[in-house]
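Below is one structure, written out as structure tokens; comments come after it.
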Amino acid sequence: MNIQNEINVRQTNAQEQLLYQHLISCVQVDSPSQMIERFQQLFIDGVGYSDPQVWQSIEQIALSKQAEQEFRFVLNRCCHILINRWQMQPQMQAAIPELVDLFVNVPDPGATRSRVGRRVRQLVQQFNESDQYVTLRRLAQVMNQAAETSGNGSKPLGTLIRRYPYLYEHCLLSEDSSYEHQQTVRQIQSRIQKKFEVDLSQYINYQLRRSEVIRLGSPSAAARLKQVENPTLLSDRELGGALKHFVGKVDRGHTYRDLANSFINHTSEINSFSDFKSDLYEYLISGIDRNYGDRQFNERLYAHLNHTLAPSNDQKTSEFLIVRTCSQLLNFLIVESPQRPNHFVFVDLITNLGATLTTGLILKIVLLCRKVKPYLEKRFSILFNHYESSARDGVPWLVKSLENLNLALSIHFGAADISGLKQIM
């Protein structure tokens with residue numbers, strides 16, 4: 001970089017900081033509607049602004065040589081200055097989808113005579129095609145509480161993202177997400193996860209009370225109990241079956257947690273990595289229907305494990321080898337990467353075993369190696385992103401899988417009160 005270019009970059013950076021500080025000051029005193037109006041003037045109309053110094057900053061940023069690559073990051077940061085403040089105040093959260101909707105209809109750049117205005121509109125149109133805008137749009141869906149409550153199966157899968165907090169870190173953050181924005185997403189994630197766990201606990205307790213009252217011979221009293229809605233998109237019967245499966249005994253009188261703990265204790269005595277993989281194979285297939293497993297799945301699983309890190313077969317099993325093996329297992333069972341989104345094994349499992357048993361198989365892996373939980377969440381985010389624009393009723397297998405995983409993770413890694421359920425298992 002020559003001296004003149006370095007000077008230009010420094011000047012542009014200084015203008016960016018001036019813009020950020022202006023928005024930080026304004027958002028502390030202006031209402032959300034006033035801030036949205038400011039954004040409209042700055043980035044959508046692009047024909048001037050009430051503060052000439054700030055407009056000069058926009059002008060220098062938009063006309064700089066770096067604008068083609070950098071403007072989307074600047075605009076994203078500007079949006080998050082507002083979002084980070086609004087999400088902390090419930091009465092302001094509805095403004096977040098409004099802010100994101102501003103970018104839906106950007107006026108034609110050619111409709112203004114202003115050189116700066118044309119350039120700003122062009123850059124905003126490019127922003128609309130960026131990863132940054134995709135994550136913003138998903139965040140707006142999370143904050144839009146009405147979006148996923150409709151039972152309309154023709155709506156896109158993406159409108160359900162609010163339901164799945166375990167996807168947030170992978171779907172709501174982009175490469176340039178600031179520390180403040182990461183914290184914002186984690187706060188939203190924690191808030192919505194806690195709400196789901198409370199709703200689930202209340203539903204379980206309601207169903208237990210209702211069953212007990214009916215057992216005592218008083219259906220009329222059961223009818224008078226305050227009804228608690230099913231907090232999932234599963235039917236009451238499907239939810240009941242999934243809860244019993246994830247909490248109760250699934251294999252020779254043992255729960256999933258029992259099986260994982262027993263396997264972990266056993267592996268401490270295993271000498272070689274090769275022996276570990278053989279025992280892992282037996283651990284995984286023990287709950288799979290023989291009719292299905294013997295057709296193809298067991299053979300494929302065995303071959304996959306046999307080839308996993310084969311040069312290390314004679315080594316002593318280590319945490320590193322276990323984490324790598326489990327993460328590659330999740331690739332095999334669910335999906336590998338956004339670039340290679342093949343997931344025929346996962347679809348085949350769900351088609352033959354159902355979403356609950358398939359989730360149980362995945363749960364076995366995460367319970368024996370908790371370090372791969374973020375990796376599991378990443379696998380599901382790849383599937384979610386892949387089908388995001390598909391109609392919900394076009395991918396019912398994925399919706400049921402997302403719901404089952406939400407239950408399994410809440411039960412085994414969250415704080416849902418399932419004590420009453422455990423007592424009757």
Side-chain angles (χ1 to χ4, degrees), residues 245 250-252 254 256 259-383 386-387 397-398 400-401 404-405 408:
H245 189 74
V250 291
D251 190 357
R252 298 185 295 267
H254 299 292
Y256 278 117
L259 293 169
N261 289 337
S262 176
F263 184 80
I264 290 167
N265 291 334
H266 171 67
T267 54
S268 63
E269 302 168 6
I270 296 175
N271 290 323
S272 71
F273 178 55
S274 179
D275 289 342
F276 166 79
K277 291 192 292 181
S278 295
D279 289 352
L280 177 59
Y281 169 76
E282 295 296 336
Y283 167 73
L284 292 173
I285 68 167
S286 65
I288 291 178
D289 180 79
R290 286 289 299 273
N291 291 329
Y292 172 68
D294 289 347
R295 285 206 301 272
Q296 265 189 335
F297 177 76
N298 290 1
E299 186 180 337
R300 284 180 179 172
L301 177 63
Y302 184 84
H304 170 81
L305 286 170
N306 195 40
H307 287 98
T308 298
L309 305 172
S312 302
N313 279 348
D314 295 331
Q315 292 183 20
K316 187 172 177 60
T317 305
S318 65
E319 184 182 50
F320 170 77
L321 288 174
I322 292 173
V323 171
R324 285 287 305 278
T325 301
C326 290
S327 60
Q328 290 190 30
L329 257 176
L330 295 174
N331 280 353
F332 168 71
L333 292 172
I334 307 170
V335 65
E336 187 169 341
S337 68
Q339 291 74 37
R340 300 176 63 187
N342 297 326
H343 48 283
F344 64 89
V345 174
F346 187 60
V347 174
D348 191 59
L349 279 165
I350 294 169
T351 302
N352 288 278
L353 302 181
T356 299
L357 286 175
T358 301
T359 304
L361 175 62
I362 293 165
L363 184 62
K364 276 187 165 185
I365 298 168
V366 188
L367 286 175
L368 75 88
C369 182
R370 294 181 174 235
K371 285 193 172 180
V372 296
K373 179 173 174 281
Y375 196 82
L376 165 65
E377 294 164 351
K378 176 64 175 176
R379 299 308 94 200
F380 270 80
S381 74
I382 292 170
L383 287 180
H386 186 68
Y387 288 103
W397 58 272
L398 182 53
K400 288 189 177 182
S401 299
N404 272 273
L405 187 63

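Between atom OG1 of residue Thr359 and atom CG of residue Leu349 there is a gap of 10.0 Å, rounded to the nearest 0.5 Å. Rounding to the nearest 0.5 angstrom, the gap separating the OG1 atom in Thr356 from the CD1 atom in Ile350 is 10.0 Å. If you take CG on Leu357 and CD1 on Ile288, they are separated by 9.0 Å, rounding to the nearest 0.5 Å. In this structure, CD1 on Ile322 lies 13.0 Å from CD1 on Ile365, to the nearest 0.5 angstrom. Note: Asn331 CG to Cys326 SG = 11.5 Å, rounded to the nearest 0.5 Å. Rounded to the nearest 0.5 Å, atoms CG (Leu330) and NZ (Lys373) are 12.5 Å apart.
Taking each heavy atom of Leu367 and Ile264 in turn, the nearest pair found is O-CD1, 3.9 Å. The two atoms that bring Ser286 and Asp251 nearest to each other are OG-OD2, 2.9 Å, heavy atoms only. The nearest pair of heavy atoms linking Tyr256 to Gly360 is OH-CA, 3.2 Å.
For Asp275, there are no salt bridge (charged side-chain N to carboxylate O under 4.0 Å, His left out) partners two or more places apart in sequence or in a different chain.
Side-chain N or O atoms of Asn313 include one that pairs as donor or acceptor with a backbone N or O of Ala310 at under 3.5 Å. In terms of modelled atom types and a separation under 3.5 Å, the side chain of Lys277 and the main chain of Thr308 share a donor-acceptor contact. The main-chain N or O of Lys364 is found under 3.5 Å from a side-chain atom of Tyr283 such that the two form a donor-acceptor pair. In this structure, Ser381 contributes its side chain and Lys378 its backbone to a donor-acceptor pair below 3.5 Å. When atom types are taken as modelled, the side chain of Ser318 and the backbone of Leu321 share a donor-acceptor pair closer than 3.5 angstrom. Judged by distance alone, the side chain of Asp348 and the main-chain N or O of Phe344 form no donor-acceptor pair under 3.5 Å.
Proximity of Val347 to Trp397: side-chain heavy atoms (C-beta onward) are separated by under 4.5 Å at one or more points. In this structure, Asp314 and Ser272 have side chains that are not in contact, with every pair of non-hydrogen atoms separated by 4.5 Å or more. In this structure the side chain of Val372 never reaches within 4.5 angstrom of the side chain of Leu329, judged on heavy atoms. Ile334 is listed as a side-chain neighbour of Leu376, based on a closest heavy-atom distance under 4.5 Å.
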ask   = Should Asp279 and Thr267 be marked as a side-chain contact (heavy atoms from CB on, under 4.5 Å) after you check the CA-CA gap, both sets of side-chain angles, and the distance that decides it?
value = CA-CA 8 Å; Asp279 289 352; Thr267 54; 5.9 Å; no
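The neighbour count for Tyr281 OH, taken as heavy atoms of other residues, nucleotides or ligands under 6.0 Å away, is above 12.
Using a 30° and 60° split on the angle between ring planes, Phe276 and Phe273 fall in the parallel class, below 30°. In this pair, Phe297 and Tyr292 present their aromatic rings parallel. The plane angle is below 30°, not in the 30 to 60° band. Using cut-offs of 30° and 60° for the angle between ring planes, the His343 and His386 rings count as perpendicular.
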